[in-house]
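Remember, it's 1-based here, ligands and their atoms both numbered in the order they're listed.
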Amino acid sequence: MTRCFTLLLLVSGCVTRLPWVLGSCGAERDLSAAQGAPSCGCENLRRAAAAVEPVEERTSSPADKYSRGANEEPSEARGHERDTLSQMVLISGGEFLMGTDDPGIPADGESPPRRVHLDSFYMEIQEVTSRQFESFVGATGYVTEAEKFGDSFVFEGVLSETLKNQITQAVAAAPWWLPVKGASWRHPEGPDSNITDRLDHPVLHVSWADAGAYCSWANRRLPTEAEWEYACRSGLKDRLYPWGNKLTPKGKHYANLWQGDFPNHNSGEDGYITTSPVMSFPANGFGLYDMVGNAWEWTSDWWTVHHTTDEQHNPKGPPSGSDKVKKGGSYMCHKSYCYRYRCAARSQNTPDSSASNLGFRCVSEERQ
Ligand SMILES: *[C@@H]1O[C@H](CO)[C@@H](O)[C@H](O)[C@H]1NC(C)=O
Ligand SMILES: [Ca+2]
Ligand SMILES: [Ca+2]
């Protein structure tokens, strides 16, 4: 697997992981910078904006509210390690408008809106935590891709000056991302860091396959993009966020995002400079926490910005591709750079990418 980076001074060879960066919390400004950057063969990863073909607003009702009572019984006893699995809620099937006719970032393929029907499913109420991932690794001996590759991308804002000074590689288009040797889910900022005080934060530095492996072990799977977005919207129609249209209703923060001047100053007004313990912010109407913000979440879909407007049932995305869709934005998202903490927003990474702001949660057809 090719795995090299654009060097700041030296031009690297081709890069399979750079798409990840272009699809990350970088923004339009960075993309134009990328176009002026030394060629790495990756400039064309951003396709032209999808043609916007607004369809008539549908008035059909969204799913019924999830049934709280159906989800409160404890799971059956299973293996010791599985006791740490997240609680799930029933997401009652229904119909919704996926995407938006008012895209915040048109190039991401947020448009056009399309009518989607989904069967019922269960979704984990929280992002998978480091503690949970540790149980999985303890039970299976699983080794993540970042551990095999020997490095992972870390946001420079969370690195020590000493470590930063040792790193000469960076991504020209998004210089705040540094490939850190030894960074992994156990060592989020490199070998000298650990997760001892962060076991209840989302697990980070997991690739798409790593996330899928965890979900399979739990007898669950990654959500499709449609399932994720439907769950994010929690029955609200045509709203930006899981809770409505106002980012901070009555001055209250509903998600772990970035306040201040990205990437230089994070005021931490919402209480967290980096990740937060899962469920630190209010749940949405379906009882799901951190659907936007905190960590980005992998979905099972391949990435495309071209969507059919045909009505669809349980869509699973394109049959193949080079990148996977991630949803929800992260603690690094600020409107100026990464206006992607909206339900319709989306971004992509190559499946072998891992980073200090990307995690996941699982779903299942069956109640567990
Ligand atoms: C984990 O990191 C903390 C803070 O950097 C440090 O104080 C602690 O000794 C580390 N623990 C282990 C087991 O390495
Ligand atoms: Ca924050
Ligand atoms: Ca999240």
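- Counting protein heavy atoms under 4.0 angstrom from atom 7 (O) of ligand 1 gives zero.
- For Ser354 and Ser207, the side-chain atoms include no donor-acceptor pair closer than 3.5 Å.
- Using a 4.0 Å cut-off between a side-chain N of Lys or Arg and a carboxylate O of Asp or Glu, Arg346 and Glu229 do not qualify as a salt bridge.
- With 3.5 Å as the limit, one finds no donor-acceptor pair spanning the side chains of Ser120 and Ser92.
- Within the coordination shell of the Ca ion (ligand 2), defined by N, O or S atoms under 3.0 Å, Gln259 is absent.
- Counting heavy-atom neighbours within 6.0 Å of Lys181 NZ, excluding the residue itself, gives a total of 12 or less.
- If you check which protein heavy atom lies closest to atom 11 (N) of ligand 1, you get Asn194 ND2, 2.9 Å.
- Residues forming a side chain to side chain contact (heavy atoms under 4.5 Å, CB included) with Tyr289 (at least two apart in sequence, or on another chain): Ile125, Met279, Ala283.
- Note on the Ca ion (ligand 3): protein N/O/S atoms under 3.0 Å are Glu127 OE2, Asp290 O, Gly293 O, Ala295 O, Glu297 OE2.
- Sorted by first and then second residue, the side chain to side chain donor-acceptor pair (under 3.5 Å) pairs with a member in residues 249-260 read His253-Glu269, Asn256-Ser276, Asn256-Asn294, Gln259-Asp270; sequence neighbours excluded.
- Under 3.0 Å from the Ca ion (ligand 2) lies an N/O/S atom of Leu257, whether from backbone or side chain.
- When distances from atom 14 (O) of ligand 1 to the protein are checked, a heavy atom turns up under 4.0 Å.
- Checked by atom type, the side-chain pair Asn194/Thr196 shows a donor-acceptor distance below 3.5 Å.
- Note that atom 3 (C) of ligand 1 has protein non-hydrogen atoms nearby, at separations under 4.0 angstrom.
- A cation-pi contact links Lys324 to Trp208, judged by a cut-off of 6.0 Å to the six-membered ring centre and 45° from its axis.
- Within the structure, disulfide (SG to SG under 2.5 Å) pairs that include any residue of residues 196-263 comprise Cys215-Cys362, Cys232-Cys343 (at least two apart or interchain).
- Rounding to 10 degrees, one finds that the Ca ion (ligand 2) sits at the corner of an angle of 100° between Asp270 OD1 and Asn256 OD1.
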